[in-house]
Amino acid sequence: MPGLLILGAVTAMLAPSAPGDKLRAYPAMRHEGAAYAVATDTKDRIVTCLPLDPATDAARARAACAAIVARGVPAGITPALSKGASDTWFPSRDYPVASIPAHSSGSVTVLYEIDERGTATNCMIRHSSGIEMLDLAACAAMLKRARFTPASYQGKPVHAAAIATFEYESE
């Protein structure tokens, strides 16, 4: 049976630059009544923006994301911070190793929400790895293990949304 090596969660919200760095997730940003997940770089500049509703028209999403990027992260927001190392959220034992072709690699991007208690909820696949079982296993692992301190706005816990991409390589 082939093995699977998860290269780790490479999250767009913040790719940890050093061991122990926390992953961050910001409250969902709103534009014209719709909600968007954003990801930032280490200087809190928005680098990725995706609509929480996958049915959002692409042109509308691009325009909304451009407006959100121009505004930047609002003052008074504290992002949700991961508890523990994100690579432990995706243990190899959770993945359908038999369904992954030997010596293949790829990545899956998920968009998930974090409730006011810091629990990952409502995971959606935004960019498939091309292997449906792997994509579904990624969301299942995220919902099962990802925990955060809640995001807050002016000290009050709020709902957040995050974008995560992780890579896999079969042995």
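- Counting only heavy atoms from C-beta outward, the side chains of Cys65 and Tyr36 approach each other to under 4.5 Å.
- Here the OG1-CD distance, from Thr121 to Glu116, works out to 8.5 Å after rounding to the nearest 0.5 Å.
- Tested against Ile163 for a side chain to side chain contact (heavy atoms under 4.5 Å, CB included), the candidates Val47, Leu50, Val38 yield a single pass: Leu50.
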Would Ser152 and Ile77 count as a side chain to side chain contact (heavy atoms under 4.5 Å, CB included) here? Give the steps. CA-CA 6 Å; Ser152 64; Ile77 286 181; over 6 Å; no

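- Around CD of Glu132, the count of heavy atoms belonging to other residues, nucleotides or ligands within 6.0 Å does not exceed 12.
- Using a 4.5 Å cut-off on side-chain heavy atoms (C-beta onward), Pro150 and Val158 make no contact.
- In this structure a side-chain-to-backbone donor-acceptor pair under 3.5 Å is missing from Asn122 to Glu113.
- In summary, Arg117 and Asp115 engage in a salt bridge, as defined by a charged side-chain N under 4.0 Å from a carboxylate O.
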Set out, in order, the CA-CA distance, both residues' side-chain angles and the distance that settles side chain to side chain contact (heavy atoms under 4.5 Å, CB included) for Lys83 and Phe148, then state yes or no. CA-CA 5 Å; Lys83 292 182 178 181; Phe148 293 79; 5.7 Å; no

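- Here the side chain of Arg126 pairs a donor or acceptor atom with the backbone of Pro51 at under 3.5 angstrom.
- Here the closest heavy-atom approach between residue Ala160 and residue Ala25 is recorded as CB-O, 4.1 Å.
- Within the 3.5 Å criterion, the main-chain N or O of Thr165 finds no donor-acceptor partner in the side chain of Thr109.
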What verdict does the side chain to side chain contact (heavy atoms under 4.5 Å, CB included) test give for Val110 and Met124, after you've listed the backbone C-alpha separation in whole Å, the side-chain angles of each residue and the deciding distance to 0.1 Å? CA-CA 5 Å; Val110 298; Met124 298 172 275; over 6 Å; no

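- Taking CG of Asp53 as the start and CZ of Arg60 as the end, the distance is 8.5 Å to the nearest 0.5 Å.
- A distance of 10.5 Å separates OG1 of Thr48 from CG of Leu111, quoted to the nearest 0.5 Å.
- Nearest heavy-atom pair, Ala120 versus Met142, reported as atom, atom and distance to 0.1 Å: CB-O, 3.8 Å.
- Note that CZ of Arg62 is 12.5 Å distant from OG1 of Thr56, once rounded to the nearest 0.5 Å.
- No single ILVMFWY cluster, assembled from side-chain heavy atoms under 4.5 Å apart, contains both Val108 and Leu143.
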Can you list the steps and then say if Tyr26 with Thr40 is a side chain to side chain contact (heavy atoms under 4.5 Å, CB included)? CA-CA 9 Å; Tyr26 287 88; Thr40 63; 3.4 Å; yes

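- Note that CG of Leu81 is 15.5 Å distant from CZ of Arg147, once rounded to the nearest 0.5 Å.
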